[in-house]
Amino acid sequence: DFKIFVSNAISESARLWFSQLCLVNTPITESDSNEFLSFVDIAYSCIAELYTARDFYDTVFQGEDIPFFQVTFQALDRELSSAVTSHLATVSKLLNAEDLTDLTAVLQASFELYLYLNKALGVKNKLTQSLIDEAKIFHMHEWFEDFVSPWIELAFKKEQTRINRSLVLDKVEETEDAPKQSNSSLDMSELISQASRSLSFFYYTV
(Lines give C-alpha, C1' and ligand atoms only; values in the text may rest on other atoms or scores of the structure.)
Protein backbone atom coordinates (compact mmCIF):
# COMPACT_ATOMS: atom_id res chain seq x y z
CA ASP A 1 0.00 0.00 0.00
CA PHE A 2 1.46 3.36 -1.09
CA LYS A 3 0.17 5.27 1.94
CA ILE A 4 1.73 2.80 4.38
CA PHE A 5 5.02 2.80 2.44
CA VAL A 6 5.28 6.61 2.54
CA SER A 7 4.25 6.79 6.21
CA ASN A 8 6.95 4.25 7.11
CA ALA A 9 9.50 6.23 5.10
CA ILE A 10 8.52 9.46 6.92
CA SER A 11 8.82 7.72 10.30
CA GLU A 12 12.24 6.27 9.46
CA SER A 13 13.45 9.64 8.15
CA ALA A 14 12.43 11.30 11.41
CA ARG A 15 14.27 8.63 13.40
CA LEU A 16 17.46 9.06 11.35
CA TRP A 17 17.18 12.84 11.60
CA PHE A 18 16.94 12.59 15.37
CA SER A 19 19.96 10.27 15.56
CA GLN A 20 22.00 12.73 13.54
CA LEU A 21 20.77 15.59 15.70
CA CYS A 22 22.03 13.80 18.82
CA LEU A 23 25.44 13.25 17.23
CA VAL A 24 25.75 16.91 16.23
CA ASN A 25 24.83 18.05 19.74
CA THR A 26 27.16 15.72 21.64
CA PRO A 27 28.89 17.92 24.25
CA ILE A 28 32.62 18.44 23.72
CA THR A 29 33.32 18.53 27.45
CA GLU A 30 31.62 15.84 29.52
CA SER A 31 29.64 17.09 32.51
CA ASP A 32 26.09 16.69 33.77
CA SER A 33 25.23 20.31 33.01
CA ASN A 34 26.68 20.12 29.47
CA GLU A 35 24.64 16.98 28.85
CA PHE A 36 21.50 18.87 29.84
CA LEU A 37 22.43 21.83 27.64
CA SER A 38 22.86 19.47 24.68
CA PHE A 39 19.36 18.14 25.35
CA VAL A 40 18.10 21.74 25.42
CA ASP A 41 19.42 22.20 21.88
CA ILE A 42 17.97 18.86 20.81
CA ALA A 43 14.57 19.68 22.31
CA TYR A 44 14.59 23.12 20.66
CA SER A 45 15.30 21.56 17.24
CA CYS A 46 12.65 18.85 17.71
CA ILE A 47 9.94 21.29 18.74
CA ALA A 48 10.83 23.58 15.82
CA GLU A 49 10.66 20.59 13.47
CA LEU A 50 7.24 19.63 14.79
CA TYR A 51 5.89 23.12 14.17
CA THR A 52 7.32 23.07 10.64
CA ALA A 53 5.80 19.65 9.99
CA ARG A 54 2.44 20.85 11.26
CA ASP A 55 2.32 24.22 9.49
CA PHE A 56 4.00 23.38 6.17
CA TYR A 57 4.74 19.76 5.24
CA ASP A 58 1.44 18.41 6.52
CA THR A 59 -0.36 20.67 4.05
CA VAL A 60 1.84 19.42 1.20
CA PHE A 61 0.94 15.79 1.91
CA GLN A 62 -2.76 16.38 2.51
CA GLY A 63 -3.54 15.86 -1.16
CA GLU A 64 -2.26 12.29 -0.89
CA ASP A 65 -4.15 11.70 2.36
CA ILE A 66 -0.87 11.06 4.20
CA PRO A 67 -0.77 12.33 7.81
CA PHE A 68 2.78 13.69 7.63
CA PHE A 69 2.64 15.62 10.87
CA GLN A 70 1.07 12.85 12.93
CA VAL A 71 3.61 10.29 11.70
CA THR A 72 6.48 12.69 12.35
CA PHE A 73 5.14 13.50 15.81
CA GLN A 74 4.89 9.83 16.76
CA ALA A 75 8.48 9.16 15.67
CA LEU A 76 9.99 12.19 17.40
CA ASP A 77 7.89 11.67 20.52
CA ARG A 78 9.25 8.14 20.78
CA GLU A 79 12.90 9.11 20.18
CA LEU A 80 12.98 12.31 22.25
CA SER A 81 11.07 10.83 25.18
CA SER A 82 13.36 7.80 25.32
CA ALA A 83 16.55 9.88 25.22
CA VAL A 84 15.44 12.49 27.76
CA THR A 85 13.90 10.09 30.28
CA SER A 86 16.99 7.89 30.19
CA HIS A 87 19.23 10.86 30.98
CA LEU A 88 16.88 12.22 33.64
CA ALA A 89 16.80 8.85 35.41
CA THR A 90 20.60 8.82 35.59
CA VAL A 91 20.84 12.39 36.88
CA SER A 92 17.97 11.88 39.34
CA LYS A 93 19.97 9.14 41.07
CA LEU A 94 22.95 11.48 41.41
CA LEU A 95 20.65 14.27 42.57
CA ASN A 96 19.07 12.15 45.28
CA ALA A 97 22.50 10.92 46.36
CA GLU A 98 23.76 14.53 46.44
CA ASP A 99 26.58 13.45 44.13
CA LEU A 100 26.50 16.26 41.55
CA THR A 101 29.60 18.43 41.34
CA ASP A 102 27.92 21.17 39.27
CA LEU A 103 24.52 21.16 40.97
CA THR A 104 23.55 24.78 40.25
CA ALA A 105 24.42 24.49 36.56
CA VAL A 106 22.51 21.19 36.31
CA LEU A 107 19.39 22.66 37.91
CA GLN A 108 19.46 25.72 35.65
CA ALA A 109 19.96 23.62 32.50
CA SER A 110 17.31 21.07 33.51
CA PHE A 111 14.75 23.83 34.10
CA GLU A 112 15.55 25.30 30.67
CA LEU A 113 14.98 21.83 29.17
CA TYR A 114 11.63 21.61 30.98
CA LEU A 115 10.54 24.95 29.50
CA TYR A 116 11.46 23.93 25.96
CA LEU A 117 9.69 20.57 26.20
CA ASN A 118 6.63 22.39 27.53
CA LYS A 119 6.33 24.10 24.13
CA ALA A 120 5.22 20.76 22.66
CA LEU A 121 1.75 21.55 23.97
CA GLY A 122 1.38 23.99 21.09
CA VAL A 123 1.09 21.22 18.48
CA LYS A 124 -1.78 19.33 20.10
CA ASN A 125 -4.39 21.01 17.93
CA LYS A 126 -3.45 18.89 14.88
CA LEU A 127 -3.32 15.54 16.68
CA THR A 128 -6.07 12.99 17.14
CA GLN A 129 -7.22 12.35 20.70
CA SER A 130 -5.79 8.83 20.59
CA LEU A 131 -2.34 10.19 19.69
CA ILE A 132 -2.58 12.79 22.46
CA ASP A 133 -3.43 10.05 24.96
CA GLU A 134 -0.53 7.88 23.77
CA ALA A 135 2.07 10.66 23.50
CA LYS A 136 4.76 10.45 26.17
CA ILE A 137 5.90 14.05 25.84
CA PHE A 138 2.55 15.37 27.06
CA HIS A 139 3.36 13.75 30.40
CA MET A 140 6.83 15.28 30.59
CA HIS A 141 5.97 17.07 33.83
CA GLU A 142 6.20 13.66 35.50
CA TRP A 143 9.78 13.23 34.25
CA PHE A 144 10.98 16.20 36.32
CA GLU A 145 9.33 15.40 39.66
CA ASP A 146 12.69 14.88 41.39
CA PHE A 147 13.87 18.29 40.20
CA VAL A 148 11.00 20.49 41.41
CA SER A 149 12.08 20.81 45.05
CA PRO A 150 15.74 21.55 44.14
CA TRP A 151 14.55 24.14 41.58
CA ILE A 152 12.47 25.93 44.21
CA GLU A 153 15.28 25.72 46.76
CA LEU A 154 17.78 27.19 44.29
CA ALA A 155 15.39 30.01 43.39
CA PHE A 156 14.86 30.76 47.10
CA LYS A 157 18.62 30.92 47.73
CA LYS A 158 19.16 33.26 44.79
CA GLU A 159 16.36 35.57 45.89
CA GLN A 160 17.61 35.53 49.47
CA THR A 161 21.09 36.50 48.28
CA ARG A 162 19.68 39.35 46.24
CA ILE A 163 17.58 40.63 49.15
CA ASN A 164 20.57 40.53 51.49
CA ARG A 165 22.64 42.45 48.95
CA SER A 166 19.87 45.05 48.62
CA LEU A 167 19.72 45.49 52.39
CA VAL A 168 23.45 46.12 52.54
CA LEU A 169 23.20 48.76 49.82
CA ASP A 170 19.89 50.09 51.05
CA LYS A 171 19.04 53.76 51.06
CA VAL A 172 15.78 55.62 51.56
CA GLU A 173 14.40 57.71 48.73
CA GLU A 174 11.54 60.20 48.84
CA THR A 175 8.82 59.74 46.24
CA GLU A 176 6.61 62.40 44.67
CA ASP A 177 3.80 61.51 47.08
CA ALA A 178 5.94 62.33 50.14
CA PRO A 179 6.04 58.84 51.78
CA LYS A 180 9.50 57.32 51.82
CA GLN A 181 10.39 53.87 50.63
CA SER A 182 13.65 51.96 50.51
CA ASN A 183 15.32 50.34 47.52
CA SER A 184 15.20 46.99 49.29
CA SER A 185 11.41 47.15 49.56
CA LEU A 186 11.20 47.72 45.80
CA ASP A 187 13.54 44.81 45.18
CA MET A 188 11.45 42.66 47.52
CA SER A 189 8.29 43.45 45.56
CA GLU A 190 10.01 42.57 42.30
CA LEU A 191 11.33 39.29 43.71
CA ILE A 192 7.87 38.28 44.93
CA SER A 193 6.53 39.00 41.45
CA GLN A 194 9.31 36.93 39.88
CA ALA A 195 8.64 34.05 42.26
CA SER A 196 4.96 34.11 41.30
CA ARG A 197 5.86 34.02 37.60
CA SER A 198 8.30 31.16 38.19
CA LEU A 199 5.67 29.07 39.97
CA SER A 200 3.30 29.57 37.04
CA PHE A 201 5.70 27.54 34.87
CA PHE A 202 4.81 24.45 36.91
CA TYR A 203 1.17 24.66 35.85
CA TYR A 204 0.67 21.90 33.30
CA THR A 205 -2.45 20.77 31.52
CA VAL A 206 -2.59 17.61 29.43
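What's counted below: heavy atoms across the whole structure, side chains too, no hydrogens, waters or symmetry copies.
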Suppose the criterion is ring pair (Phe, Tyr, Trp, His ring centres under 6.0 Å): which pairs have a residue in residues 115-134, not counting sequence neighbours? Tyr44-Tyr116
Look at the aromatic rings of Phe68 and Phe61 and report parallel, tilted or perpendicular, splitting at 30° and 60°. parallel
Kindly indicate whether the side chain of Glu64, heavy atoms from C-beta on, has any atom under 4.5 Å from the side chain of Lys3. no
Would you say that Leu113 contacts Trp143 through its side chain, given a criterion of any heavy-atom pair below 4.5 Å between the two side chains? no
To the nearest 0.5 Å, what is the distance between CZ (Phe73) and CD (Glu134)? 10.0 Å
When you check the side-chain N and O atoms of Ser110 and Trp151, is any donor under 3.5 Å from an acceptor? yes
For atom NZ of Lys119, is the number of surrounding heavy atoms from other residues, nucleotides or ligands below 6.0 Å larger than 12? no
Show me, pair by pair, the donor-acceptor contacts under 3.5 angstrom made by side chains of residues 13-23, not counting sequence neighbours?
from: Ser13; atom 1: OG; to: Ala9; atom 2: O; distance (Å): 2.8
from: Arg15; atom 1: NE; to: Glu12; atom 2: OE1; distance (Å): 3.1
from: Arg15; atom 1: NE; to: Glu12; atom 2: OE2; distance (Å): 3.4
from: Arg15; atom 1: NH2; to: Glu12; atom 2: OE2; distance (Å): 2.6
from: Ser19; atom 1: OG; to: Arg15; atom 2: O; distance (Å): 3.1

Strictly distance-based, threshold 3.5 Å: is any side-chain N or O of Asp58 a donor or acceptor partner for the main-chain N or O of Phe69? yes
Please examine the side chains of Cys46 and Ile42, heavy atoms only from C-beta on, and report whether any two atoms are closer than 4.5 Å. yes
Can Val84 be reached from Val123 by stepping across I, L, V, M, F, W or Y side chains whose heavy atoms are under 4.5 Å apart? yes
Measuring only between side-chain heavy atoms, which start at C-beta, is Gln74 closer than 4.5 Å to Ser11? no
